[in-house]
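One structure is given below, encoded as structure tokens.
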Amino acid sequence: MSAFISLLEKQKKRELQHQFDLPSKAKNTEWLTLQEVEGQAQKLYDRIAALLPNNISLVRQEVQLQTYKTPKPAARMQIRANISAGNHRSYVLKIHCHELNPKGNMTKVARAEYHYRETRRSMS
């Protein structure tokens, strides 16, 4: 684990969890879910980017998105996001989205991976 990821782990800023409800009359639940996934990815990215030194930034290289099922309207959804180190100054932000049933059991709905590379800016 990289030193930066260890620092995030100690500060409890490596992971993010979020729950939300889909509207009961929604016709495009998959789109609404993916918008929420993107929003949480951006939220975790902003949190991490704020902790980087001023001369380092993260550049998005790749996004992998996979959907498993279309969520039902009025469903309770849960998103879990975390960041891990890849190889040679690269990071992977992984997001899992699940639909929660009334008993609390989770059904996988979508998964996204955002790949970032660290770049250094010149201090001029």
Side-chain angles (χ1 to χ4, degrees):
M1 189 182 307
S2 76
F4 181 64
I5 297 295
S6 295
L7 173 71
L8 292 173
E9 186 74 38
K10 285 179 188 167
Q11 295 182 357
K12 306 269 189 246
K13 294 184 178 178
R14 183 177 172 208
E15 295 183 345
L16 186 69
Q17 290 193 26
H18 175 67
Q19 287 190 355
F20 64 100
D21 294 315
L22 290 172
S24 59
K25 302 215 188 285
K27 294 186 182 355
N28 51 357
T29 56
E30 200 167 24
W31 176 250
L32 293 171
T33 301
L34 294 178
Q35 282 182 315
E36 196 71 32
V37 164
E38 178 67 27
Q40 292 304 308
Q42 188 63 44
K43 189 175 179 180
L44 185 57
Y45 169 83
D46 291 343
R47 179 192 291 184
I48 290 162
L51 296 171
L52 289 169
N54 289 338
N55 65 333
I56 294 177
S57 63
L58 296 177
V59 178
R60 187 183 288 183
Q61 298 293 303
E62 175 184 3
V63 176
Q64 296 174 354
L65 179 63
Q66 195 170 13
T67 57
Y68 300 102
K69 87 182 260 290
T70 302
K72 298 176 185 129
R76 182 93 176 139
M77 307 296 291
Q78 179 171 352
I79 294 177
R80 288 186 185 160
N82 69 41
I83 190 161
S84 57
N87 54 356
H88 194 64
R89 300 193 181 276
S90 65
Y91 301 95
V92 180
L93 199 150
K94 295 179 184 176
I95 300 179
H96 299 273
C97 184
H98 294 88
E99 183 177 344
L100 299 172
N101 69 11
K103 293 181 182 176
N105 298 333
M106 297 190 288
T107 305
K108 194 184 307 185
V109 172
R111 181 178 147 230
E113 284 188 6
Y114 296 83
H115 296 260
Y116 293 94
R117 186 175 43 82
E118 202 177 271
T119 58
R120 295 188 181 276
R121 294 181 287 221
S122 60
M123 301 296 281
S124 21

Next item on the list: Identify the two heavy atoms, one from H98 and one from K108, that lie closest to each other, and give their separation to 0.1 Å.
Entry: CD2-CA, 3.5 Å
Check: Taking the side chain as C-beta and beyond, is there a heavy-atom pair between Q78 and M106 under 4.5 Å?
Finding: yes
Next item on the list: Dump the intermediate steps for side chain to side chain contact (heavy atoms under 4.5 Å, CB included) on R89 and R120, then the final yes or no.
Entry: CA-CA 11 Å; R89 300 193 181 276; R120 295 188 181 276; 3.2 Å; yes
Next item on the list: Mind listing the closest non-hydrogen atom pair of L58 and E118 along with its distance?
Entry: CD2-CA, 4.0 Å
Checklist line | Gap separating the CG atom of L100 from the CG atom of D21, nearest 0.5 angstrom | finding: 9.5 Å
Notebook entry, point to check: Under 3.5 Å, is there a donor-acceptor pair between the Q42 and Y114 side chains?
Noted result: no
Checklist line | Least distance between heavy atoms, Q40 atom then L16 atom | finding: OE1-CD2, 3.3 Å
Notebook entry, point to check: Which value, rounded to the nearest 0.5 Å, describes the distance between L93 atom CG and E113 atom CD?
Noted result: 9.5 Å
Notebook entry, point to check: About how many Å separate CZ of R76 and CZ of F20, when rounded to the nearest 0.5 Å?
Noted result: 9.5 Å
Notebook entry, point to check: When rounded to the nearest 0.5 angstrom, what is the spacing between SG in C97 and CZ in R111?
Noted result: 13.0 Å
Item checked: Option from N28, T29, T67 for which side chain to side chain contact (heavy atoms under 4.5 Å, CB included) with L34 holds -> T67
Margin query: Working to the nearest 0.5 angstrom, can you tell me the gap between H18 NE2 and L44 CG?
Written below: 13.0 Å
Note to self: Test: ring pair (Phe, Tyr, Trp, His ring centres under 6.0 Å). Region: residues 25-47. Which pairs qualify, not counting sequence neighbours?
What the structure shows: Y45-Y116
Item checked: 4.5 Å side-chain heavy-atom contact, L22 and T33 -> yes
Margin query: Which heavy atom of P73 sits nearest to which heavy atom of S24, and what is that distance?
Written below: CB-O, 3.3 Å
Next item on the list: Find the distance between NZ (K69) and CD (E99) and round it off to the nearest 0.5 Å.
Entry: 3.5 Å
Notebook entry, point to check: Are side-chain N/O atoms of Q64 and E62 paired as donor and acceptor at under 3.5 Å?
Noted result: yes
